[in-house]
Structure formats: C-alpha cells, structure tokens
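Working notes for the structure below.
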Number of protein chains: 2
Amino acid sequence: MTAHSQARVASAASKARLRLWLRMLKSTRGVEAELRERLRQEFGSTLPRFDVMAALSRYEAGLKMSALSGVLRVSNGNVTGIVDRLADDGIVVRVQVPGDRRATLVRLTRKGQEEFTRQAAAHELWIDELLGDFDEPEATNLAGCFDAISRREEGR
Amino acid sequence: MTAHSQARVASAASKARLRLWLRMLKSTRGVEAELRERLRQEFGSTLPRFDVMAALSRYEAGLKMSALSGVLRVSNGNVTGIVDRLADDGIVVRVQVPGDRRATLVRLTRKGQEEFTRQAAAHELWIDELLGDFDEPEATNLAGCFDAISRREEGR
DNA sequence: AAAAAGTATTTCAAGCTCAAAACATTTTTG
DNA sequence: CAAAAATGTTTTGAGCTTGAAATACTTTTT
C-alpha cells in the first residue's frame, strides 16, 4: 500500500470516528436531559444529587469526601456543595472520623436510603424506556465497546 | 411463554440496558473531560464555546440567537452569556436584523473563523486518538446505534 | 521537638446550565 | 385601530463544575 492510499484510508476512518463522537454526544446528552427533567419533575431533584446518593448507597459505612469525589470522578470542591444541600434536606449526614480530625464520612440517612430506593426504581424504568431499542445481547455488546473507550482513557 | 418467564426476561434485558447506560455515560464523560482539558490547555477555551463556534461555522450568514440555541439544544438564556464572552474576545459579532428590531444575528468574525479552523483541526486529531480503537466499519456501525437512540428521543 | 511534607476538606472566582420571569417588538385578531 | 397573542432576547436565581488557593490537621524528617 502506498503512502498516498494509506493517508486516504486513515482519513476516512478519522471522519467516521468524528461522526461517531458527535452521535455519541448527542444521544448521551439527550438521555441525560430527559433523566434530568424527570428527576426534577418527579422528585424535585437533580442528576448530581442522584449520582451522590447512588455512590453512597453502595457504601453502607459511608465514604470520605475525597473518596466520594474519586468514585464520581468530579472535583473535590464540587462535592462539598452537593453534600451541603443533601445534608440540609436530611438525605445524608456528615460523621467525624474518630482518629482523624481532618476527615469526615458521609452516609445516607434512613430517609436518604428510602428516597434513593424510590428514585433508583424509577430511574431503571426510565432507562429501560429510553434505551428500549436494544435487546440484551445488543446492550451487552455495546457496553463492551464503551468499556474499551473507558479503559483507553484510564491508560493515560 | 408464561407471565413469570416474561418478567424474568424483561428484567435481564433491563439490567443490561442499565449497565449499558452507565458505561455510555462514563466513557462519554471521560472523552468530554479530556477534550475540555485540552481545549483549556491548548486554546484557553471551553467546550461550550467550541460548540457555539462549530455551529456558527456551518452558517456563514449567521444565526439568530434562538436558532443557535435550537441547533445546540440548550436553553436561550444559556447562549446569551457564551455569545457575550465570545463577542468580548472578537470571535463573533452581533448584527441587527434589518426588518426585525427584536432579533440579532450572530456571525463568526474573520478572526473567529481562523480560530475555529485551528481548533477544529486539533479537535479532529484528538477524537481520532481517543476513539482510535474503532476502525471505519465499527465506527459507522456504532454511529448507527446512537442514531437509533436519538431518533427515539426525538419521537417524544 | 520543630520544620517540612503530605493529606482532607473547604473556599473562591469564573463559567456553564436550566426554567421562569421580564422586556421588547411584531403579528394577529376582534 | 386597539387589544391580545406570538416571537425574540435578556435577566434572574439556583445549582453544578472546574482548578487553584486557603485552611486545618497528620505524618515524616531532621
């Protein structure tokens, strides 16, 4: 293969990847917008709040602020405000860590657990509706493709 | 098929779709974060600014504010601030629409066009790198899957 | 034990995002 | 033609997001 045809082939794949990215962004944003809207309408809440609750629900003992922002892959300062508001609403509590006066543990309250259970059930139904075009093998296959992208990201 | 096994099948596909969504979100956010970081480092800019410039670059005659927010699928008020800052930087201009004193047209300046050309070239290379796992047929196939999701959204 | 380095969290400033309200102008309607 | 409805944009208030700086505490080094 000549350098010339090589360049042509690379460029065509490159365009296809760009198109892929634009579609990926569009459909992800669309689903996100719909979820945000429903969370607002049905529960008076937001996606970031849901994400924090989901993370905490997987750690019954609670998470330190830094661990929480690590799990969610958002900045430290970001989580502070969301947790502040969730605490105001009685969804989470901050607990001092015994041996370390710098750290605080964040835990779902009982009310928070119950609220998350309700919201998570609705969330699963919504996803089922929004991604209903995919049957089980397709969904599993696509999930694998995304894992490939994510792994590529992590290896940087 | 009994009602019982029906429920089981639906539930398994449902779980697969939920997993798919979580992976889709994770990888899209990862690529977005990387693009945002590079745009910040290399061009001192942001993704929303890039999106506005990209939209305007496809309409040489300019777009009305409402058309711009329509194309980008974000709220009206949102675009106002981004365009304000792009105008401050000499990237875009607002032009009064002759027959309608309510409306303004937003256009890329020459400087804006040149800047967008530079950024778009870098952007395409970045995508090529970040999604490099997919060859042309794969990328095209996946893009088709996302189109299905987007079309489903639009039909709501 | 004092100094230095490291860790955990919050604060800050800037920008993005939305929905809703306000404002201005144009078009339609009674 | 005047009132009402529709259209185009900006403002407002609340919340999310980031990176960087500030604060507080702990561990390590000298």
Side-chain angles (χ1 to χ4, degrees), chain A residues 25 28-30 32-53 55 62-89 91-92 94-106, chain B residues 25 28-30 32-53 55 62-89 91-92 94-106:
Chain A
L25 198 53
T28 302
R29 281 183 178 171
E32 250 187 298
E34 188 64 28
L35 291 177
R36 186 178 31 239
E37 173 68 7
R38 294 185 185 191
L39 229 28
R40 194 177 72 90
Q41 295 283 353
E42 307 285 325
F43 299 109
S45 191
T46 67
L47 223 30
R49 285 168 63 107
F50 182 79
D51 289 344
V52 166
M53 290 166 77
L63 279 175
K64 288 200 269 186
M65 288 298 282
S66 47
L68 188 49
S69 60
V71 168
L72 296 174
R73 306 187 150 280
V74 298
S75 65
N76 274 352
N78 186 357
V79 175
T80 299
I82 299 172
V83 167
D84 282 351
R85 283 179 287 274
L86 286 175
D88 287 347
D89 295 348
I91 302 290
V92 305
R94 287 189 226 244
V95 186
Q96 280 301 311
V97 172
D100 189 340
R101 279 187 299 177
R102 296 167 302 183
T104 55
L105 228 45
V106 187
Chain B
L25 198 54
T28 302
R29 281 183 178 171
E32 251 188 296
E34 187 65 28
L35 290 177
R36 177 164 8 93
E37 173 67 8
R38 292 186 186 191
L39 228 30
R40 192 177 72 88
Q41 296 284 353
E42 307 286 325
F43 299 109
S45 191
T46 67
L47 222 30
R49 286 168 63 107
F50 182 80
D51 289 344
V52 167
M53 292 166 75
L63 280 175
K64 287 199 268 187
M65 289 297 282
S66 46
L68 188 48
S69 60
V71 168
L72 296 174
R73 307 187 151 278
V74 298
S75 65
N76 273 352
N78 186 357
V79 174
T80 299
I82 299 172
V83 167
D84 282 351
R85 284 179 286 274
L86 286 174
D88 288 347
D89 296 349
I91 302 290
V92 305
R94 285 189 226 244
V95 186
Q96 279 302 309
V97 171
D100 190 339
R101 279 187 299 178
R102 295 167 303 182
T104 54
L105 229 44
V106 186

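Note: hydrogens, waters and symmetry copies are ignored here, and every other heavy atom, side chains too, is used. Throughout, protein chains are lettered first and strands after them, A, B, ... in sequence-line order, and every chain is numbered starting at 1.
- Going from atom CZ of A/R36 over to atom C1' of D/dC16 covers 10 Å, rounded to whole Å.
- Residues passing the side chain to side chain donor-acceptor pair (under 3.5 Å) test with A/T46, sequence neighbours excluded: none.
- A straight line from CD of A/Q41 to C1' of C/dA19 spans 10 Å, rounded to a whole angstrom.
- Taking for each of B/V74 and B/G99 the nucleotide of DNA chain C with the nearest heavy atom, the 5'-most of the two is the partner of B/V74.
- Heavy atoms of A/E37 sit under 4.0 angstrom from primed sugar atoms or phosphate atoms, though from no base atom.
- The side chain to side chain donor-acceptor pair (under 3.5 Å) test applied to A/E42 returns no partner, not counting sequence neighbours.
- When rounded to the nearest whole Å, the span between CD of A/E32 and P of D/dC16 equals 14 Å.
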| note | Per-nucleotide protein contact along nucleotides 1-13 of chain C, 5' to 3', at a 4.0 Å heavy-atom cut-off (B base, S sugar-phosphate only, - neither), is -----BBSBBB--
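- Between B/L72 atom CG and C/dC16 atom P there is a gap of 12 Å when expressed in whole angstrom units.
- Atom pair B/L39:CG and C/dC16:P shows a separation of 11 Å (rounding to whole Å applied).
- Salt-bridge formation is not detected for the pair A/E32/A/R36: no Lys NZ or Arg NE/NH1/NH2 atom is positioned less than 4.0 Å from an Asp or Glu carboxylate oxygen.
- Listed by first and then second residue, the side chain to side chain donor-acceptor pair (under 3.5 Å) pairs involving residues 76-87 of chain B are B/S69-B/N76, B/D84-B/R94 (not counting sequence neighbours).
- Backbone-only engagement by A/I82 is indicated by non-hydrogen atom pairs under 4.0 Å involving sugar-phosphate atoms exclusively.
- Taking CZ from B/R73 and CG from B/D51, the interatomic distance works out to 13.5 Å, rounded to the nearest 0.5 Å.
- Put simply, A/R101 has no side-chain N or O that comes within less than 4.0 Å of OP1 or OP2 on D/dA24.
- One can place CZ of A/R49 at 15 Å from P of D/dA14, the figure rounded to the nearest angstrom.
- B/L47 places its CG atom 21 Å from the P atom of C/dA14, with the value rounded to the nearest Å.
- Here B/R40 pairs with B/E37 under the salt bridge (Lys or Arg N to Asp or Glu O under 4.0 Å) rule; sequence neighbours left out.
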Only pairs under 3.5 Å count here: list side-chain donor-acceptor contacts from residues 96-104 of chain A, not counting sequence neighbours, and write none if there are none.
unit_1	atom_1	unit_2	atom_2	d
A/D100	OD1	A/R102	N	3.0
A/D100	OD1	A/R102	NE	3.0
A/D100	OD2	A/R102	NE	3.4
A/D100	OD2	A/R102	NH2	2.8

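- Nucleotide D/dT7 holds its P atom 19 Å from the CG atom of B/L68, rounded to whole Å.
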